[in-house]
Amino acid sequence: KSKAKLFLENKPQITFKDVAGADEVKEEVKEIIEFLKNPRKFTKYGAKIPKGVLLVGPPGCGKTLIAKAIAGEADVPFFSVSGSEFVEMFVGVGASRVRDLFDQARKYAPCIVFIDEIDAVGRYRGAGIGGGHDEREQTLNQLLVEMDGFDPHTGIIVIAATNRPDILDPALLRPGRFDRRIVVGLPDTKEREEILKLHARGKPISEDVNLTAIAQQTAGFTGADLENLLNEAALIAVRKGQEKITQKEIEEAIDKIIAGPEKKSLVLS
Ligand code: ATP
């Protein structure tokens with residue numbers, strides 16, 4: 001059986017048009033996309049591109065989405081693993097999975113290797129919590145070996161995501177590893193409006209709904225929260241048997257999301 005199946009997702013059809021806001025992030029990764037499209041062009045000029053990019057920011061702000069969109073824009077394969085998967089594995093398996101992952105990536109290059117929750121495997125080695133976690137350490141070491149091992153012009157870009165950059169092992173951040181850091185933060189008001197507009201597409205939103213006002217009302221919401229907000233509003237409208245989602249359902253959905261998940265079962269029942 002093909003090991004590639006373990007990691008390879010189809011070439012993501014997701015592109016920057018699916019990522020609302022985040023203009024600075026898009027600007028920062030432009031060069032990486034150019035490189036993936038044509039690594040030789042960069043080799044010819046002796047120009048170095050980072051091998052590893054660290055996306056830093058709170059959950060739900062679009063780190064995974066952006067990584068996929070980079071692959072989609074460059075039209076290259078996307079390999080994805082989660083750091084927490086490695087840690088749950090049997091002894092010795094984590095390191096060999098890392099080896100397999102990079103073997104596959106080399107075959108499919110140019111491509112993207114995405115490691116979600118890198119902190120699960122890349123936590124500072126001296127930092128207690130379950131101390132002497134050999135399996136995790138071996139996996140991390142293998143990752144470092146792989147990253148040092150490939151030539152920058154191979155066309156592999158490793159993108160890792162974390163919301164805890166502070167606990168990462170400094171070895172991961174050294175030059176030639178994850179030496180480019182990009183912050184994917186909470187959306188501001190304008191970005192929230194853009195995210196709402198994007199996720200409102202295809203939903204029957206009533207004319208009385210003012211997405212600008214909703215954006216102003218939802219400070220602190222992540223992209224995932226905003227997507228969820230419109231979905232909740234749609235569910236409420238369905239339940240009421242309404243043809244359209246009105247301001248009222250949106251207000252109810254906001255209240256519900258602010259109240260938190262503990263209320264979910266109450267409202268849904
Ligand atoms: P986690 O750390 O939980 O994996 P993440 O930062 O990787 O979070 P994503 O999984 O990429 O977040 O985002 C979750 C969902 O939220 C996305 O699939 C998308 O639907 C929506 N979303 C987040 N940010 C944006 C954005 N800027 N534009 C459009 N949709 C967004």
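In listed order, ligands and their atoms are each counted from 1. Computed from heavy atoms alone, side chains included, the values below leave out hydrogens, waters and symmetry copies.
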Practice item. Count the heavy atoms of every other residue, nucleotide or ligand shown that sit under 6.0 Å from CD of Glu251, and state whether that count exceeds 12. Key: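 Correct, the count exceeds 12.
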
For ligand 1, which atoms have a heavy atom of [X] less than 4.0 angstrom away?
| X | answer |
| --- | --- |
| Val19 | 27 (N), 28 (N) |
| Asp116 | 4 (O) |
| Ile195 | 26 (C), 27 (N), 28 (N) |
| Glu227 | 15 (C), 16 (O), 19 (C), 20 (O), 21 (C) |

Check your understanding: Are the side chains of Glu146 and Val98 in touch, meaning some heavy atoms are under 4.5 Å apart?
Key ->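 When only atoms from C-beta onward are counted, Val98 and Glu146 do touch, with a gap below 4.5 Å.
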
Mode of [X] contact toward ligand 1 - side chain, backbone, both, neither (heavy atoms, under 4.0 Å):
| X | value |
| --- | --- |
| Glu191 | neither |
| Thr64 | both |
| Thr222 | neither |

Using distance alone, decide if ligand 1 has a nitrogen or oxygen within less than 3.5 Å of any nitrogen or oxygen in [X].
| X | answer |
| --- | --- |
| Cys61 | yes |
| Leu198 | no |
| Ala20 | yes |

Review point. When you measure from atom 13 (O) of ligand 1 to each heavy atom in Pro59, Gly62, Gly57, which option holds the nearest one?
Key: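 The nearest heavy atom belongs to Gly62.
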
**Study point:** Cationic tip of Lys48 above Phe42 ring, under 6.0 Å, 45° of axis
**Key:**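 Geometry flag: not set, cation outside 6.0 Å or 45°.
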
Identify the closest protein heavy atom to [atom]: which residue and atom is it, and at what distance?
| atom | value |
| --- | --- |
| atom 8 (O) of ligand 1 | Gly60 N, 2.7 Å |
| atom 22 (N) of ligand 1 | Gly223 C, 3.8 Å |
| atom 14 (C) of ligand 1 | Ala224 CB, 3.9 Å |
| atom 31 (C) of ligand 1 | Leu65 CD2, 3.5 Å |
| atom 5 (P) of ligand 1 | Lys63 N, 3.4 Å |
| atom 30 (N) of ligand 1 | His199 NE2, 2.9 Å |

**Study point:** Min heavy-atom dist Leu55 to ligand 1 below 4.0 Å
**Key:**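 No heavy atom of Leu55 comes that close to ligand 1.
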
